[in-house]
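Structure first, then comments.
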Amino acid sequence: MIKWVFLRAGQRPVPRPVATPLVWTAACATALLFVALLNTVAGPGRALLALTVLSVLATLLGFFARFTAAPGTAVLCWLFLNGFAIPPAGTLSWTADRDTLWLICLLAATLVGTTAARVAHARAAYHSLTPASAAPTAVNDEPHTA
């Protein structure tokens, strides 16, 4: 006899974050790609647009990363923002007010993504827990009446 079982009947483990070096590799590759694409399409010197795009990228990368990867992800995005999104391209510079604000924005975006992922995963894991007596085991589990 075939017994039908719900797929959501058991506990699901909380997904593990991606390894930090892999997140940083993805940050380098995608930040370079996005900055090059922005420079091609919108033209160089659009720092606010590049900051916005890289902040969204940092949030998405943070969704898959550990909290320990956040500072490195923010710095890598800032390097591509500072080095290639503002003229002169290829030259790193430090303007205290502007670059501090950019680093804070990128770090906050990464931390928001990581926090959102942890909360979403914890909430999903919590909702997947059911008491053992109330867990449905089969589709046709009806109380037998005599």
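Heads up: numbering here begins at 1 and tracks the sequence.
The hydrophobic cluster containing Leu60, built from Ile/Leu/Val/Met/Phe/Trp/Tyr side-chain heavy atoms closer than 4.5 Å, also comprises Val56. Grouping Ile, Leu, Val, Met, Phe, Trp and Tyr by side-chain contacts under 4.5 Å, direct or through others, puts Phe67 with Leu107, Leu111. Counting Ile, Leu, Val, Met, Phe, Trp and Tyr side chains that sit under 4.5 Å apart, directly or through other members, Leu37 shares a hydrophobic cluster with Val41.
Here the straight-line distance linking atom CG of Leu51 with atom CG of Leu106 works out to 5.5 Å at 0.5 Å rounding. Interatomic distance, SG of Cys77 versus CZ of Phe34, reported as 10.0 Å (0.5 Å rounding). Annotation: the span from Leu92 atom CG to Leu81 atom CG amounts to 10.5 Å, rounded to 0.5 Å. In this structure, OG1 on Thr95 lies 12.0 Å from CG on Leu101, to the nearest 0.5 angstrom. Separating the CZ atom in Arg46 from the CG atom in Leu38 is a distance of 9.5 Å, to the nearest 0.5 Å.
There is no path of hydrophobic side-chain contacts, each under 4.5 Å, that joins Ile104 to Leu48. One hydrophobic cluster holds both Leu49 and Leu57 under the rule that ILVMFWY side chains link at heavy-atom gaps under 4.5 Å.
Looking at residues two or more places apart in sequence or on another chain, you find a side-chain contact (heavy atoms from CB on, under 4.5 Å) between Val75 and Leu79, Leu103. For Phe80, the side-chain contact (heavy atoms from CB on, under 4.5 Å) test picks out Cys28, Ala31, Leu32, Val35, Phe84, with sequence neighbours left out. Remark: Ala122 pairs with no residue by the side-chain contact (heavy atoms from CB on, under 4.5 Å) rule, at least two apart or across chains. Residues satisfying the side-chain contact (heavy atoms from CB on, under 4.5 Å) test with Ala47, not counting sequence neighbours, are Ile86, Trp102. Looking at residues two or more places apart in sequence or on another chain, you find a side-chain hydrogen bond (donor to acceptor under 3.5 Å, both in side chains) between Asp99 and Trp78.
The nearest pair of heavy atoms linking Val18 to Arg66 is O-NH1, 3.4 Å. Across all non-hydrogen atoms, the minimal contact from Ala26 to Leu61 is CB-CD2, 3.9 Å. When all heavy atoms of Ala69 and Thr20 are compared, the closest pair comes out as CB-CG2, 3.6 Å. In terms of heavy atoms, Thr73 sits closest to Ala27 at CG2-CB, 4.2 Å. Pairing each heavy atom of Ser55 with each of Ala109, the nearest pair is O-CB, 3.4 Å.
A donor-acceptor contact shorter than 3.5 Å links the side chain of Arg118 to the backbone of Thr114. Side chain of Thr110 to main chain of Thr59: no donor-acceptor pair is present (N/O by atom type, distance under 3.5 Å, no hydrogens or angles).
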Q: With side chain to side chain contact (heavy atoms under 4.5 Å, CB included) as the test, would you mind laying out the steps for Phe63 and Val112 before giving the verdict?
A: CA-CA 8 Å; Phe63 196 77; Val112 163; over 6 Å; no

Q | Asn82/Arg98 under side chain to side chain contact (heavy atoms under 4.5 Å, CB included): CA gap, chis, key distance, verdict | A | CA-CA 10 Å; Asn82 192 348; Arg98 179 194 70 192; 4.1 Å; yes

